Amino acid sequence: MARAVRDNDAWPSVLLLSAVLVPAVCVLWFMGAAMRNERYAARERLAELYRAQLSVSQATIARHWAAAVADLEQIIKTNSPAASFSSAVRAGFVDSLIVFNEQGETLYPNSPSVGPAEAQLEAQWAEASQLEYARKDFDSAAKRYRALSIQLTNVNLRARALQAAARCLVQGEQRDLAIQLINEELSREAYGHATDAQGRLIIANAELMTLELIDDKGGMAFASAARRLEQRLNDYNNPALAASQRRFLMGQVQNLSGGKTGFPTLRAERLAAAVAGRVQPNRGTSLQRSPLSDVWQLSLADSRALGLIETDTLVNFLQRAADPGALPQGAEIALLTPGIDHAGAFVSMPVDPSLPGWKLVLLLGDSRAFDVAAKHRTEAYLWTGILVVVTMGIPTLLATRVLRRRLALARLKNDLAATVSHELKTPLASMRVLIDTLLDSDRLHEPTTREYLQLVAAENERLSRLIENFLTFARLERGKHAFTFSPLPASQVVDAVVDAVRERLSTPGCRFEWRVAPDLPDIHADLDALSTALINLLDNAWKYSGDIKHIVLRARVENGQVEFSVQDNGVGIAPRETKCIFQSFYQVDQRLSRRGGGCGLGLSIVQSIVSAHDGHVSVGSEPGRGSTFTISLPAAARPAAAAKEAIA
Ligand code: ADP
């Protein structure tokens, strides 16, 4: 019954705790939600801010883009196709350019155009060719060609004759004369636009030949010849030099000079050649993909030209224009090509209508920017939450403790009242029956009277012990028991206990022994209280043993502690009961206890007394074989006898 009451006692505390825990959990949940919202709001605020910043970048890009396109269109409208190509590429906005005529035919990059067949002095030309190819008389052939170059009036034919003469000189092992001929005669301004039968610029090819003829590629002669040809190839105003010949010669010169010559437009030439013929001038001014990957095409000047822009160039241009200078630390503006997305993009918007699909995005290095923005508010939420929980939690814990105490006290009072009234009733009733029987007898029969009086005395003693236990327990519970501690020999405690119980335990069938180890240290104890504890243990040993009792009281030292133990050969205690028997009013077998005059307080008194002595009580028991209760107390600093000697 006692256990059931105790279980129920937990409910008020559980209710009280849940009354606080539920709101506390709700507060924490709200707090978490508020913090999440705050972070979201901070993110939105930042996004708004950055969006405004991106809009500025967007407008700047649009301005720069329009300006660059307008510049380019101006170049295209005011220059020849080749010059437009060169100027546009050098301006840097496009990587290459293809120029069309109004019919959509490619004007640049172009191929050499074969002019009308020139009327030649057939006989003389044939004679020179005969000398060169059939007779292999290069010397004579060279002379014939030279003579022809003087006789002819057509500048193209004169130049071709000089070129043939130089060729024959080379074949006739007269390299120096060939070079001299090219450098001094063929390079005259008059031959600057002269073309061969295939429409190729003669002087450019001839100059390449001189470069090939010069053995010392590191020498001055080579360098100056290379520079001359370099200038010629970089000059886009010569209509006689077609793009394909220029591209070929640029490549050759670059190879011969080991990369020392500079052709800033060579890459553009190659790019244009790769795309030309595969594209048509498209309408509209928006950027589109070209047939080459990573190259974009932009229709310009009413479809008269197509700018070719590589992705890297475009991204660099746009990024420069976007001016990301004002961005917060860690943030960067990136450009996404059409069809590409970036998972980490915080804000994104289209770059410009003329760049369909291109996106301007803002990337944040780390998302702590939101945390910083939301920090103050989330901290305020956090502290408010903590404050609320603490303000609810501390008083609740205190209230729970007070409640538990009150409940325990109320329970104790109930138990005490119930037990006292019940336990007192039995001895009083037996005494009353015995005395009434004696009083009702007409004549007192002495042996019977004596026997009855002895029974009354026994009941009386049992009653006294009960009341004594109640009083001691009540005093200990209220903390009103005054202990008087003093250093005393352990044997003195044993003597006092033996004196008190010897008579009670000398019943037939009971063997009581006491063994005190020699040289026991003193203990710091209240003699009366400690005796009460040991007497309780001895009483229990007597009560819970059968007809043949063997009780041993020991005092010895174990691990530096003074141990008093009471051993019996009684009924023993089941292991699961040993944990409960020290609780007040707990009885393993009420019938058995009551027969011996117990009320479940003996062991709880023992524990209270031992605790007051900073000691420890334990039990070892085996059902049916007996139990041993052990009280361990700390030894006093030194024996009382030694202390006395020291004082003397
Ligand atoms: P009681 O007044 O009932 O003896 P105690 O507090 O002294 O109350 O003991 C609590 C319970 O512990 C007893 O009811 C009994 O069942 C058990 N007990 C105590 N001492 C012994 C012992 N020496 N042998 C067997 N059981 C014991």
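Side chains included, hydrogens not; waters and symmetry mates left out as well; all remaining heavy atoms used. Both counts, for ligands and for their atoms, begin at 1 and track the order of listing. None of the values given here were measured: they were computed from a predicted structure.
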Mind checking whether [X] has an N or O less than 3.5 Å away from an N or O of ligand 1?
| X | result |
| --- | --- |
| Ser604 | no |
| Ile573 | no |
| Gly602 | yes |

To which of [options] does the heavy atom nearest [atom] belong?
| atom | options | value |
| --- | --- | --- |
| atom 9 (O) of ligand 1 | Leu603, Val619, Leu538 | Leu603 |
| atom 1 (P) of ligand 1 | Trp542, Phe585, Tyr586, Tyr544 | Tyr544 |
| atom 20 (N) of ligand 1 | Thr628, Asn540, Ile581, Asp539 | Asn540 |

Mind listing the side-chain donor-acceptor pairs of residues 390-402 below 3.5 Å, one per line with the distance, residues two or more places apart or on another chain?
residue: Thr391; atom: OG1; partner: Leu387; partner atom: O; Å: 2.1
residue: Thr396; atom: OG1; partner: Met392; partner atom: O; Å: 2.3
residue: Thr400; atom: OG1; partner: Thr396; partner atom: O; Å: 2.5

For [X], state whether at least one heavy atom is located under 4.0 Å from any atom of ligand 1.
| X | value |
| --- | --- |
| Gly600 | yes |
| Phe582 | no |
| Lys543 | yes |

So for Asp568 against ligand 1, with non-hydrogen atoms under 4.0 Å, the contacting part is side chain
Which bit of Val571 is near ligand 1, meaning a heavy atom under 4.0 Å away: side chain, backbone, both or neither? side chain
Kindly indicate whether the side chain of Phe564, heavy atoms from C-beta on, has any atom under 4.5 Å from the side chain of Leu530. yes
Side chain to side chain, Asp526 and His613, heavy atoms closer than 4.5 Å: yes
Ligand-residue contact atoms, ligand 1 with [X], heavy atoms, under 4.0 Å:
| X | answer |
| --- | --- |
| Phe629 | 20 (N), 21 (C), 22 (C), 23 (N) |
| Val588 | 14 (O), 16 (O) |
| Gln587 | 3 (O), 14 (O) |

Please confirm whether the backbone N or O of Ser348 pairs with a side-chain atom of Lys359, one donor and one acceptor, at under 3.5 Å? no
Give a yes or no answer on whether the side chain of Gln607 reaches the backbone of Val617 with a donor-acceptor pair at less than 3.5 Å. no
Any donor-acceptor N or O pair under 3.5 Å, side chains Ser621, Ser627: yes
Does atom OH of Tyr452 have more than 12 heavy-atom neighbours from other groups under 6.0 Å away? no
Is a salt bridge present between Glu48 and Arg45, judged by a nitrogen-to-oxygen distance below 4.0 Å? no
Side chain to side chain contact (heavy atoms under 4.5 Å, CB included), that's the test. Do Leu438 and Leu453 meet it? Break it down for me. CA-CA 9 Å; Leu438 283 180; Leu453 286 177; 4.2 Å; yes
